[in-house]
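Some notes on the structure that comes next.
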Number of protein chains: 2
Amino acid sequence: MAEWLSEDEMAAWVRLVAVVELLPGVLDGQLRRDAQVTHFDYHVLAMLSEAPDRTLRMTELATRTNATLPRLSHVVRRLEERGLVERAPCPWDGRATNARLTDAGWAKVRATAPGHVATVREHVIDALTPEQVTQLAGIADAVLRRLDPDGKMAGLPGDAPGGDRRRAG
Amino acid sequence: MAEWLSEDEMAAWVRLVAVVELLPGVLDGQLRRDAQVTHFDYHVLAMLSEAPDRTLRMTELATRTNATLPRLSHVVRRLEERGLVERAPCPWDGRATNARLTDAGWAKVRATAPGHVATVREHVIDALTPEQVTQLAGIADAVLRRLDPDGKMAGLPGDAPGGDRRRAG
DNA sequence: CCGCTTCAGTTGTACCTACAACCGATGACG
DNA sequence: CGTCATCGGTTGTAGGTACAACTGAAGCGG
């Protein structure tokens, strides 16, 4: 537990920082050019598109997009202004708000997904061997448990049953 | 190549996106609380602190911090206003600007580094096995070559012919 | 029923980043 | 030498995010 990082650790860290710095720009760039949407916008729309009735509560949506509630609130308001999402108060809990994907929003996701997936493949997945893909899942999973100990974000499979974090492929 | 992602690929991708979304916040948070500096600010100061005469040209500094020139220009101006950095036109090239870490900036880096390294260890490095650290370096390296094909950023041990072993003026 | 606390979201402000327009310096060329 | 293209960097501005303060609904104890 040195105060500094070893050579191997530093090599990994420097590269990880670079990826974290550059990847968002690449994702945002493609989506903005081709669909006039940020990566976070797309993430919101995608999560809604997978939900039953294309509807989720704001809190749940925030969880699935790794976002804070204020951030999500601003973004959903803008998406609503663009007609891609609509909001309605939850009938059973006066405090809650349900966000629902409109038909236009659904169409947007359908039209945007292929290009986005292609970008993900081109810049990440296809750069890796199948083994590395598996390793990446394990590594990111381990890091996530530190970044988000309660697992509130990212919808990780709960650490309660049978989960062994110290295994890498 | 399929139009969608396989289950394994999706598992890796979802987790990577979560890390990319959450990690900057954790790094920024610690540095802002403990040193009133963003992670990018710190990166700038750290790169200068490692350079000969604590001086680098703006373009070279942008490369080493994976940043665009406009972004760096704004940040360096603010750092200069805080007395952590100073700028001076390069005597040999009237177009170029040299950024130099002041004594105050040097002190700031020295005082800030331990806490930052501890955060990096706590949330990333120590979450991984030594094998995973090595794997991460390989994975991030492979991804970087796609994100930044020319190796302009990130100062990768590049496939660039001839190498770019330049000295700062 | 009243008051307190917590929950779910929203809003307002400050800050940071991206993009594009811009400026002076440099270097190639005739 | 002039002209032009390019380089290195700065500045203006629009847009997105973070943080904190706020509103209103639910839940709980008395």
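Keep in mind that what you see is a predicted model, and the values were worked out from it rather than measured. Basis for what follows: all heavy atoms, side chains included, without hydrogens, waters or symmetry-related copies. Below, chains carry the letters A, B, ... as their sequence lines are ordered, and counting in each starts from 1.
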Atom pair distance, as rounded to whole Å: CG in A:L61 and C1' in C:dG9: 13 Å

Strand contacts (DNA chain C) in residues 90-98 of chain A, 4.0 angstrom heavy-atom criterion: A:R95, A:A96, A:T97

Whole angstrom value for the distance that separates C1' of C:dC15 from CG of B:L79: 14 Å

Gap between atoms CZ and P, on B:R87 and D:dG8 respectively (whole Å): 17 Å

Within one Ile-Leu-Val-Met-Phe-Trp-Tyr cluster: B:L23 and B:V143, side-chain cutoff 4.5 Å: yes

Euclidean distance, atom OH of residue B:Y42 to atom P of C:dC16 [Å, nearest integer]: 19 Å

Nucleotide D:dC7, atom P - distance to CD of B:E60 in whole Å: 17 Å

Backbone N/O of B:R33 and side chain of B:Q36: donor-acceptor pair under 3.5 Å: yes

Hphob cluster co-occupancy, A:V120 + A:V44, side-chain heavy atoms under 4.5 angstrom: no

Whole-Å distance separating the CG atom of B:L72 from the C1' atom of D:dG8: 12 Å

Hphob cluster co-occupancy, B:V76 + B:V109, side-chain heavy atoms under 4.5 angstrom: yes

Spacing between A:R33 atom CZ and C:dC19 atom C1', to the nearest angstrom: 13 Å

B:S49 side-chain N/O to B:A46 backbone N/O, donor-acceptor pair under 3.5 Å: yes

Backbone of A:R77 reached by a side-chain donor or acceptor of A:E80 within 3.5 Å: no

Nearest-angstrom distance from the residue atom CG of B:L69 to P of D:dT11: 12 Å

Below 3.5 Å is the cut-off: list the nitrogen or oxygen pairs between protein and nucleotides 14-22 of chain D, distance only.
{"unit_1": "D:dT17", "atom_1": "OP1", "unit_2": "A:R71", "atom_2": "NH2", "d": "2.9"}

Ring pair (Phe, Tyr, Trp, His ring centres under 6.0 Å): pairs with one or both residues in residues 20-39 of chain B, sequence neighbours excluded: B:H39-B:H116

Contacts of type salt bridge (charged side-chain N to carboxylate O under 4.0 Å, His left out), residue A:R95, not counting sequence neighbours: A:D93

Option passing side chain to side chain contact (heavy atoms under 4.5 Å, CB included) with B:R146 (candidates A:D126, A:V26, A:V124): A:D126

Donor-acceptor pairs under 3.5 Å, side chain of residues 54-62 of chain A to any protein atom, not counting sequence neighbours: which ones?
{"unit_1": "A:R54", "atom_1": "NH2", "unit_2": "A:D103", "atom_2": "OD1", "d": "2.8"}
{"unit_1": "A:T55", "atom_1": "OG1", "unit_2": "A:D53", "atom_2": "O", "d": "2.7"}
{"unit_1": "A:E60", "atom_1": "OE2", "unit_2": "A:R64", "atom_2": "NE", "d": "2.7"}
{"unit_1": "A:E60", "atom_1": "OE2", "unit_2": "A:R64", "atom_2": "NH2", "d": "3.2"}

Candidate pair B:R71 and A:E21, rule salt bridge (Lys or Arg N to Asp or Glu O under 4.0 Å), full reasoning: CA-CA 13 Å; B:R71 179 184 181 186; A:E21 192 72 36; 2.7 Å; yes

Angle of first-five versus last-five pair axes in the helix from C:dC1-D:dG30 to C:dG30-D:dC1, to 10 degrees: 10°

